[in-house]
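Notes follow the structure.
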Amino acid sequence: MNKTKYVSRLTGLLAVSLGMLAFQMTTYADTTEPSDSQVTSAQVSQQSDSAVEAQSESSDAAASTVDEPADNSTTARSSNVNAESSSVETPDSSATASDNTDQSSQPVDSTQPQSDTEDTVTPSDESQQTATSEEVATNDSNQQQPTDQTISEDSSTTADQQRSETTTTDSTDTTNAAQPSANDQITIPDANNADNQAWKQSSNNPFINFLTGITSTIAAGVVYPFAASRQGAALLSKIRTLMSPDRYDVDQMWSDLDEKYDPEYTKTYYTEAQNWYDNEVVKETMSVPFADGTGNASATYIAHPGSTKTIIYGQGWTTEPEWMGYISKVFYDMGYNVLMPYTRGQNSSDGEFLTFGDKDKADWINWINKIDERNGANSEVVLYGQSLGADSALETAAQTNLPKSVKAVIADCGFSTIPSLLFSLYSGVANSLNNITSKIGWNLNGTIPLVPFDQFLNGFNNINKLFQGFSLDDVSGITAVQNSKLPTMFIATADDAFIPDTETETMYNLSASTLKQLWILDGNVGGHASANNAVKDYMSRIQAFLNQVDGQNSDNKLNITDDQQIAA
């Protein structure tokens, strides 16, 4: 192929790539499932000739303990079991399999049979069942990976002890889910490391490198306003609503929900929640000054009569306030006041840019102080968020000046790092383009023509620093969880096509929390930020976690054993 034709093709594909990359950035309320045009980071890494070394699956996983990963890119899920509070309804759902897309692209065999048991094993019963046949099968194979699961950990053991993890699974189906990889821990320096061409895709040829440096910066300049500016994000949200008019339709919350998550219950619950928020509950508008004094943040507050417990609900990227309001009933029904702050650059809060949690975390300290002032000495606060809001909650929890009233964090489908999120979106676009070019024999090998990932990331980061003064690495979910010991619950769905559930699992694995829990929902849930669609399970799982937090606060120790199991 001569150079003229090559450059012509690249230029045409660049225009297509920019449009696809902008619209690949889906919003909080999207309920789409992964399509053939979207791939995991691991698949893209495999396509690159010099891809990151494939992570190995742990062959040492035991039923009762999990080794601390020596390499943060290699993580295995535990197959142990844990009791949830007996005062909370046990979810009656059974797990189905999710797709496994590890670096080798080879599925791991599943040997554990499915079980439909409805029995609940009490702690006393379980103490006599520490070596069931299913656990033996798990230990023998060392390849089972439960997907719809809750993993709980009390990290009060000494540094020399192995962490004792316990898992509540909704079935014994062990078909593997995608495993965390190095792609979930990317930083700016990582992407510029010449040893890893899965991320550093720029050419060694000075002329080509100069050319793609320009085109990549242009691409970043086109995408950045849609991702970070008030007007751009709002415009993109409106365009997507025009393309998918029902994306904020409550009816969609149960339209494709797996039967095991009780869609009829979801239908009844959210139909009532919509009427409750729109017509019944008293809503109060509140505001606090930005921590840096540049404006004011606003919020909607719903007071639960007589309660001094408050959920602070972090807003997702371009999430509509009414949508947050419908979901807020989940926490109101648990007896909590609900405060829904709107992040900088969104809705009625000031600011022209979304800061991805960088400045919001300081604003949240002001919100917490305001809530404490309102509810008095008995004030208790739980930080919660979905998507971008999850990272705002995690970033806040890591602050050194965090008020003592904050008792726990619930992070639903947050990102591990922004470079990791951008790489996931970039990979999806690259694969979509490859589906087109491969028909004429042109394999893109996980790259977007004229837009190498490392140069696009550098351009995006430089634009962000120019307009907002901070690096993308300054808003890392991983860094946040490593600096917080607050009890933390991590939630994700395996059908999330926007932020892979492996990013949530990576944060769980690296979290320094003294009490942490991971729950990944498999099957059809609704896509990104949709775990709350399975509202019956959502409420019971969260309530069980908060009961454990209360127990830890009152006893300073969790009274649970490693072998307790609740069978769905």
Side-chain angles (χ1 to χ4, degrees), residues 6-7 10 13-14 17-18 20-21 24 39-55 71-74 101-105 180-224 227 415-434 437 442-466 471-476 478-479 500 502-503 506:
Y6 181 73
V7 172
L10 291 180
L13 282 172
L14 173 61
S17 301
L18 295 183
M20 295 179 71
L21 187 57
Q24 185 83 357
V39 294
T40 65
S41 303
Q43 287 173 308
V44 174
S45 297
Q46 180 200 7
Q47 290 175 334
S48 175
D49 292 335
S50 301
V52 63
E53 181 177 343
Q55 65 173 25
D71 182 346
N72 288 340
S73 68
T74 306
T101 51
D102 63 10
Q103 293 279 16
S104 65
S105 298
S181 73
N183 293 328
D184 300 315
Q185 303 178 50
I186 305 174
T187 64
I188 303 295
D190 289 337
N192 292 310
N193 186 344
D195 294 334
N196 192 331
Q197 293 182 15
W199 308 327
K200 185 172 178 57
Q201 301 173 353
S202 52
S203 174
N204 293 324
N205 183 302
F207 174 76
I208 295 177
N209 192 59
F210 175 76
L211 173 64
T212 57
I214 295 174
T215 54
S216 296
T217 301
I218 293 173
V222 171
V223 172
Y224 185 81
F415 56 80
S416 52
T417 71
I418 291 182
S420 292
L421 172 57
L422 290 176
F423 184 68
S424 176
L425 298 173
Y426 179 97
S427 301
V429 173
N431 192 60
S432 297
L433 288 174
N434 193 69
T437 61
W442 187 9
N443 190 339
L444 299 179
N445 293 318
T447 66
I448 297 176
L450 290 177
V451 188
F453 173 71
D454 57 313
Q455 291 184 320
F456 172 80
L457 178 63
N458 288 331
F460 196 96
N461 187 49
N462 290 334
I463 293 171
N464 186 74
K465 287 194 289 187
L466 175 65
S471 168
L472 298 181
D473 283 345
D474 294 335
V475 283
S476 165
I478 287 177
T479 300
T502 56
E503 295 196 22
T506 293

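A distance of 6.5 Å separates CG of L472 from CG of L457, quoted to the nearest 0.5 Å.
Other residues, nucleotides and ligands place more than 12 heavy atoms under 6.0 Å from the CG atom of N205.
Residues P452 and N209 have side chains not in contact (no heavy-atom distance under 4.5 Å, counting atoms from C-beta outward). The closest side-chain heavy-atom distance from I188 to S471 is below 4.5 Å. Taking 4.5 Å as the limit, some side-chain heavy atom of I418 sits within range of a side-chain heavy atom of V475. No side-chain heavy atom of P419 sits less than 4.5 Å from a side-chain heavy atom of F423. Two residues are said to be in side-chain contact when any heavy atoms from C-beta on lie closer than 4.5 Å; W199 and N193 fail this criterion.
For the pair N431 (side chain) and G428 (backbone), a donor-acceptor distance under 3.5 Å is absent. Formation of a donor-acceptor pair under 3.5 Å by the T215 side chain with backbone atoms of L450 is found in this model. Remark: side-chain polar atoms of T417 are not paired, donor with acceptor, to backbone N or O of S476 under 3.5 angstrom. The closest donor-acceptor contact from the side chain of Y224 to the backbone of G459 lies at 3.5 Å or more, if one exists at all. Formation of a donor-acceptor pair under 3.5 Å by the T447 side chain with backbone atoms of L444 is found in this model. A distance-only check finds a donor-acceptor pair linking the side chain of T217 to the backbone of G213 [under 3.5 Å]. T437 places a side-chain N or O within donor-acceptor distance of the main-chain N or O of W442, the cut-off being under 3.5 Å. Proximity of a side-chain donor or acceptor of E503 to a complementary backbone N or O of S416 within less than 3.5 Å is detected.
In the model, N458 has a side-chain atom that pairs as donor or acceptor with a side-chain atom of N192 under 3.5 Å.
Note on residues 196-222: pairs passing salt bridge (Lys or Arg N to Asp or Glu O under 4.0 Å), not counting sequence neighbours, are K200-D454.
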